[in-house]
Amino acid sequence: MRGCAKASKRRGHMTDETKRDYKDTVFLPKTDFPMKAGLPQKEPGILASWQDASLYGQLREARDGAEKFILHDGPPYANGDMHIGHALNHVLKDMVCRTQTLLGKDAPYVPGWDCHGLPIEWKVEEQYRKKKKNKDEVPIKEFRAECRAYAQHWVDVQREQLKRLGCLGDWDNPYLTMQYDSEATIVAELMKFAEAGNLYRGSKPVMWSPVEKTALAEAEVEYEDITSTQIDVAFEIVESPIEELVGAHAVIWTTTPWTIPVNQALAYGAEVEYTLFMQSGGPLGSCSFLVATDLQEEFKRRTGLGFEESNFNPRTWQIKGSDLAGTVARHPMHHLGGFYAKPRPFLPGDFVTTDSGTGLVHMSPDHGEDDFELCKANGLDPVFAVMDDGRYRDDWLWLGGDDDRRRAVINPGFNAPDGPICSDLREAGALLSASADYAHSYPHSWRSKAKVIYRCTPQWFVPMDKPLGTGDFEVAPGNPLAGAVAPFVSQDHSTLRERALSEIERVRFVPEKGRRRIGSMVEGRPDWVLSRQRAWGVPITLFLKKGTSDYLQDAAVNARIVAAVREEGVDAWDEARKAEYLGSGYEPDEYEMVSDILDVWFDSGCTHVFTLESGRWPALTWPADLYLEGSDQHRGWFQSSLLESCATRGRAPYDAVLTHGFTMASDGKKMSKSLGNTVDPLKIMEQYGADIIRLWALSVDFTEDHRIGDEILKGVGDQYRKLRNTFRYMLGALSDFDYESEGVEPGQMPELERYILHRLKRLDTALRQCIADYDFNEYTRALSEFANEDLSAFFFDIRKDRLYCDDPASMERRAYRTCLDILFHALVRYAAPVLVFTAEEVWTTRFPDRGSVHLQELHQLPDEWQDDTLAARFADLRELREDVMEAIEPLRREKIIRSGLEAEVTVPEDAVPQGFSDADLAELFITASVTRGQSLAVQKTDENKCGRCWRLLPSVPEDGALCGRCEDVLA
RNA sequence: GGGCCGGUAGCUCAGUUGGUUAGAGCGCACCCCUGAUAAGGGUGAGGUCGGAGGUUCAAAUCCUCCUCGGCCCA
């Protein structure tokens with residue numbers, strides 16, 4: 001440390017008049033970098049400069065040949081403006097790619113969009129309705145063209161919005177599921193399923209919307225509270241091993257009266273106990289009823305009838321469910337004959353509970369999953385009585401055909417206590433209760449908000465539990481499996497479920513809990529229903545042998561179809577082209593073209609093929625290192641991609657899956673337009689700038705649900721300003737810095753600089769770990785804390801004197817500036833993936849001619865910078881420093897001293913880490929002087945204040961005169 | 001209604017296998033500086049760790065129940 005002992009007395013006595021202002025002799029930070037960011041105004045210009053320089057292309061060139069990191073973008077749906085969820089997701093993706101790029105890898109990003117599907121179709125139909133146009137009168141190709149245009153519009157809108165967020169990617173060349181290439185690939189993938197026999201036509205109750213006349217995926221359904229009619233219906237027992245039951249009435253309870261006309265059986269719980277009751281004087285005269293013992297009171301209350309316990313043989317009072325096997329009832333409408341005259345057997349159902357109802361459940365295989373499975377197992381097939389518009393078919397015996405009471409079965413009036421079903425049942429003496437007062441949640445169509453039903457329809461399925469068939473697939477050149485034809489197929493007869501589950505074990509999940517989540521879903525999920533009865537989507541390009549469920553499996557035919565779709569898109573699947581595709585080997589009249597389209601999840605499940613594997617983007621390779629989406633995609637894209645790839649390629653298309661939670665409003669509740677608590681990322685960008693949203697997204701714990709709101713954004717803004725000013729200070733302090741003439745080797749630097757380099761090395765290590773762990777919240781936290789604590793409040797503050805007042809040629813000042821230069825280069829890179837705009841502004845302010853900061857790689861910091869011995873001494877010193885600050889405070893409060901520079905501090909000898917001189921301590925504590933003594937003490941110094949550096953030192957002859965150091969510097 | 005996840009200072013987050021007075025940064029209050037200046041520095045006040053039981057010598061940490069919120073499903 002520089003000694004100040006040689007007091008200079010050369011100057012004469014200074015009077016007030018001769019006191020001069022030394023401000024112009026002080027080397028203050030100099031920069032044009034403004035304190036106020038003005039991000040909303042500034043960002044678009046920076047964005048334009050990147051575009052002009054084609055930064056993305058430059059990066060691909062710069063990283064060509066480097067190790068790859070492939071993040072495959074999950075396609076958002078091309079419908080509506082960007083919302084906060086999109087913003088979060090894309091900032092995270094951008095952060096991943098940029099941090100990997102910082103590490104020197106080649107991390108291309110090709111954005112994509114999901115373009116087919118019902119929601120878009122619905123929007124286009126809505127436009128028709130407004131114009132009073134009937135969709136059915138529009139030629140289907142015209143309709144599809146409008147859907148295509150609609151999707152393209154929103155792709156363009158969202159693309160601009162996402163670019164504005166600062167996300168770097170191949171925006172000029174995104175993938176769309178509706179591009180002809182994509183559509184052809186989806187068809188080709190489907191044909192792989194078909195050729196390998198991993199596709200079957202079956203019937204199954206699926207969620208059906210009578211309004212939209214289509215089957216719905218679970219994602220297209222939402223639940224709302226409604227009130228339904230609940231009824232108790234008596235089924236007369238006509239046959240039973242338990243003699244006393246014959247002639248008694250089994251009672252079922254249901255909230256969907258419309259399913260009674262399609263009843264085919266009754267289910268009981270084998271472990272449930274039932275009781276037989278005698279009733280006299282009721283609507284049925286004297287007769288007995290069978291219900292679950294535990295539910296008898298509720299049953300009595302609902303029906304309001306007086307019951308007496310039966311006087312049958314006590315042996316049969318109470319009947320164990322399993323003893324009901326072999327019992328048969330008849331339908332209340334048995335007098336109609338035909339379907340209604342058939343016996344209604346009692347079947348054991350493990351789904352039967354005594355939570356509600358009567359403990360006996362009426363079964364309609366057409367309209368319930370449990371019903372379907374149980375009846376199927378007992379040889380009862382669905383009858384398809386309900387048509388696609390929700391009405392019973394024309395030839396149906398009860399309430400079908402010309403019955404003018406016929407309505408859609410979901411119509412509340414149809415099911416009402418005074419509606420046709422209840423009336424007929426009442427007339428038949430089978431209705432024990434009916435009231436329109438049962439409140440429960442019920443599935444509704446996501447788009448139309450109309451109620452949906454379960455309805456059995458023919459659909460196409462991918463079996464989950466059938467050993468996967470073999471297919472002679474051509475493996476794309478980019479695929480590591482290339483060369484061997486689907487090797488997994490020959491050695492492995494696992495089912496799709498088994499294969500998917502084993503991949504779930506292998507793949508890395510961040511956070512880890514995602515593994516269990518998708519695992520339990522795949523374990524429990526039913527067969528994949530691929531078909532939709534709609535227009536806007538990729539056709540299921542199968543030829544069905546007429547009168548059968550067999551589809552044509554001919555690779556040559558399929559190749560013709562795929563080629564045509566590649567040229568013309570989905571419109572190529574056209575009845576007029578039938579003979580062309582079938583070729584000479586088949587008689588067109590013997591086949592019908594399947595008119596269903598594919599579930600859009602199949603589209604998205606194929607994105608890995610037409611994006612990573614296709615070669616359309618040379619920078620991409622299959623499989624992906626990472627998929628990164630919201631946690632809802634465990635059921636969605638993560639799963640559809642997994643299943644598609646496992647069936648066709650034997651493995652997941654990704655090695656790791658990163659999920660984020662959902663963004664809640666500031667009250668922790670989910671955002672909804674009705675609550676008015678939504679936060680619009682577009683408005684935040686207008687108001688605060690994209691860097692603020694980015695910093696927000698990267699400083700919350702995105703693995704969980706997290707919040708956004710004014711207070712939070714204000715905090716983010718504060719954090720931003722602090723970082724910005726740290727850069728501003730460095731820019732100012734480094735103005736005109738020239739390493740060639742000024743640089744000092746780190747090994748030659750003072751200990752404080754070496755300590756800071758140690759801290760930087762530690763930070764560097766921590767941030768690299770954060771990148772590897774995708775722990776961005778810790779990344780931004782560590783970065784901010786370093787800037788605040790190590791730099792601003794400690795290093796910069798201590799070194800201010802040196803920077804301002806030391807001789808620019810002195811080794812110490814040069815060492816400090818060299819250290820700042822190192823810090824600058826590190827920090828601007830650390831900040832670059834987070835504050836993409838601000839980092840660029842910082843970079844170009846200092847280096848107007850060195851291109852973009854985003855082309856830079858992280859420097860490898862020398863391991864020697866880590867000096868744990870030195871760090872331990874400084875850690876102790878910083879603790880002592882805190883004690884000193886605390887001790888100075890009372891004097892300040894009592895106005896004895898104003899700044900620490902006026903303080904003379906005595907520190908306990910044993911509290912000082914070894915190797916620090918008194919002068920070092922005074923410098924590090926920013927006090928007048930430090931001496932050692934018994935205990936910590938502070939007093940005001942008697943020394944005079946240097947007119948230039950404002951320190952109070954013995955070498956200053958009088959207040960306002962110069963200290964020795966300043967005298968020398970000015971000499 | 002079921003499964004899973006979460007609830008630590010005003011805000012954003014740490015809290016390792018249960019173990020001394022529960023931490024950090026920001027914000028806030030007060031003070032200093034006025035040569036990073038709509039900046040910088042200092043000090044301080046903030047928490048019955050969602051609630052209630054339980055296990056233990058000891059619980060933010062383990063168990064049970066409740067509550068609030070979220071995702072998925074019915």
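Chain naming here is simple, since letters A, B, ... match the order of the sequence lines and numbering starts at 1 in each.
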Once you round to the nearest 0.5 Å, how far does OG of Ser699(A) lie from OH of Tyr720(A)? 14.0 Å
Gap separating the CD1 atom of Ile410(A) from the CH2 atom of Trp258(A), nearest 0.5 angstrom: 6.0 Å
Rounding to 0.5 Å, atoms CD (Gln633(A)) and CD (Gln639(A)) come to a distance of 10.5 Å
Students often get this wrong, so: under 4.0 angstrom with heavy atoms, is Lys895(A) touching a base, only sugar-phosphate, or nothing? sugar-phosphate
What's the closest nucleotide to the Arg728(A) side chain, out of rU34(B), rU37(B), rC5(B)? rU37(B)
Using heavy-atom distances to pick each residue's nearest nucleotide on RNA chain B, tell me which of Asp667(A) and Arg721(A) is more 5'. Arg721(A)
Taking the same atom, P, in rG19(B) and in rA60(B), what whole-Å distance lies between them? 9 Å
Taking rC31(B) as the reference, what is the distance to rG69(B) when you measure between their P atoms (whole Å, please)? 43 Å
Pairwise 5' ranking along RNA chain B for Asp705(A) and Ile712(A), keeping only the more 5' one: Ile712(A)
Report which part of the nucleic acid Arg948(A) touches: base, sugar-phosphate, or nothing (heavy-atom distance under 4.0 Å, all strands). base
With respect to the phosphate group of rG27(B), does any side-chain polar atom (N or O) of Lys714(A) fall under 4.0 Å of OP1 or OP2? no
In whole angstroms, the gap separating P of rU34(B) from CG of Asp797(A) amounts to 13 Å
rA24(B) - base-pair partner by Watson-Crick or wobble geometry, distances under 3.5 Å: rU12(B)
Check the phosphate of rG41(B) against Lys722(A), side-chain N and O only, distance under 4.0 Å to OP1 or OP2. Yes or no? yes
Test applied, side-chain hydrogen bond (donor to acceptor under 3.5 Å, both in side chains); reference residue, His706(A); option that passes from Thr663(A), Asn777(A), Asp701(A): Thr663(A)
When all nucleic acid strands are considered with a 4.0 Å heavy-atom cut-off, which category describes Glu886(A): base, sugar-phosphate, or nothing? sugar-phosphate
Rounded to the nearest angstrom, tell me the gap between atom CG in Asp21(A) and atom C1' in rG35(B). 9 Å
With syn defined as a glycosidic angle within 90° of 0 and anti as the rest, where does rG69(B) land? anti
Does Ser784(A) reach a base, just sugar-phosphate, or nothing at all? Heavy atoms under 4.0 Å. nothing
Below the 4.0 Å mark, does rG70(B) have OP1 or OP2 next to a side-chain nitrogen or oxygen of Lys669(A)? no
Using a 4.0 Å cut-off on heavy atoms, which residues in residues 786-796 of chain A reach RNA chain B? List them by number, or say none. Asn788(A), Glu789(A), Ser792(A), Ala793(A), Phe796(A)
Are Phe27(A) and Tyr804(A) an aromatic pair by the rule of ring centers under 6.0 Å? no
Tell me whether the OP1 or OP2 atom of rC71(B) has a side-chain N or O from Arg635(A) closer than 4.0 Å. no
For the ring pair Phe33(A) and Phe727(A), is the centre-to-centre distance below 6.0 Å? no
Looking only at atom C1', what distance separates rC30(B) and rC5(B), rounded to whole Å? 43 Å
Taking rG27(B) as the reference, what is the distance to rG40(B) when you measure between their P atoms (whole Å, please)? 9 Å
Distance check: side-chain N/O of Lys23(A) vs OP1/OP2 of rG35(B), anything under 4.0 Å? yes
Side chain of Ser699(A) only, heavy atoms from C-beta on: which candidate in rG40(B), rU12(B), rC13(B) is closest? rU12(B)
Out of rG27(B), rC71(B), rU43(B), which has the shortest distance to the side chain of Asp718(A)? rG27(B)
Please give the distance between the P atoms of rG7(B) and rC11(B) as a whole number of Å. 15 Å
Under a 3.5 Å limit on both distances, the Watson-Crick or wobble mate of rA45(B) is none
Does a donor on one side chain and an acceptor on the other come within less than 3.5 Å for Trp637(A) and Glu629(A)? no
So if I take every side-chain heavy atom of Met35(A) and compare against rG27(B), rU37(B), rA36(B), which nucleotide ends up nearest? rU37(B)
Distance check needed: rC4(B) C1' versus Phe509(A) CZ, whole Å only. 15 Å
Electrostatic pair Lys722(A):Asp718(A) at N-O distance under 4.0 angstrom: no
Please state the C1' separation for the pair rC62(B) and rA58(B) - nearest whole angstrom. 13 Å
Pairwise P distance, rC49(B) and rA9(B) [rounded to whole Å]: 9 Å
Mind checking if Gly947(A) touches a base, just sugar-phosphate, or nothing, with heavy atoms under 4.0 Å? base
Residue matched to rU55(B) through Watson-Crick or wobble contacts both under 3.5 angstrom: none
Rounded to the Å, how far apart are Lys800(A) NZ and rG35(B) P? 10 Å
Do the charged groups of Arg951(A) and Asp801(A) touch, with an N to O distance under 4.0 Å? yes
Determine the Euclidean distance between corresponding C1' atoms of rA24(B) and rG15(B); express it in Å to zero decimal places. 11 Å
Between Lys513(A) and rC71(B), is there a side-chain N or O to OP1/OP2 distance below 4.0 Å? no
Pair Trp208(A) and Tyr454(A), ring centroids less than 6.0 Å apart: no
From rG25(B), rC13(B), rC4(B), nucleotide with atom closest to Arg516(A) side chain: rC4(B)
Between Glu902(A) (CD) and rG41(B) (C1'), how many Å, whole number? 14 Å
Nearest-Å distance for atom pair CG/P, residues Asp801(A) and rU34(B): 14 Å
What's Asn725(A) touching, base or sugar-phosphate or nothing? Going by heavy atoms closer than 4.0 Å. base
Using atom CG of Leu28(A) as one end and atom C1' of rU34(B) as the other, report the distance to the nearest whole Å. 12 Å
How is Val700(A) classified with respect to the nucleic acid when contacts are heavy atoms under 4.0 Å: base, sugar-phosphate, or nothing? sugar-phosphate
For Gly732(A), report the nucleic acid contact type (base, sugar-phosphate, nothing); a contact means any heavy atom under 4.0 Å. nothing
Base-pairing assignment for rU17(B) (Watson-Crick or G-U wobble, both under 3.5 Å): none
Phe824(A) and Phe737(A): CA distance, side-chain angles, deciding distance, ring pair (Phe, Tyr, Trp, His ring centres under 6.0 Å) verdict: CA-CA 12 Å; Phe824(A) 178 89; Phe737(A) 176 78; over 10 Å; no
Please check if any side-chain donor atom of Ser784(A) sits under 3.5 Å from a side-chain acceptor atom of Gln719(A), or the reverse. yes
With heavy atoms under 4.0 Å as the rule, sort Phe662(A) into base, sugar-phosphate or nothing. sugar-phosphate
Once you round it to whole Å, what is the distance between C1' of rG70(B) and CG of Leu675(A)? 14 Å
Can you check whether Trp950(A) stacks with the rG35(B) base, using ring centres under 5.5 Å and planes within 30°? yes
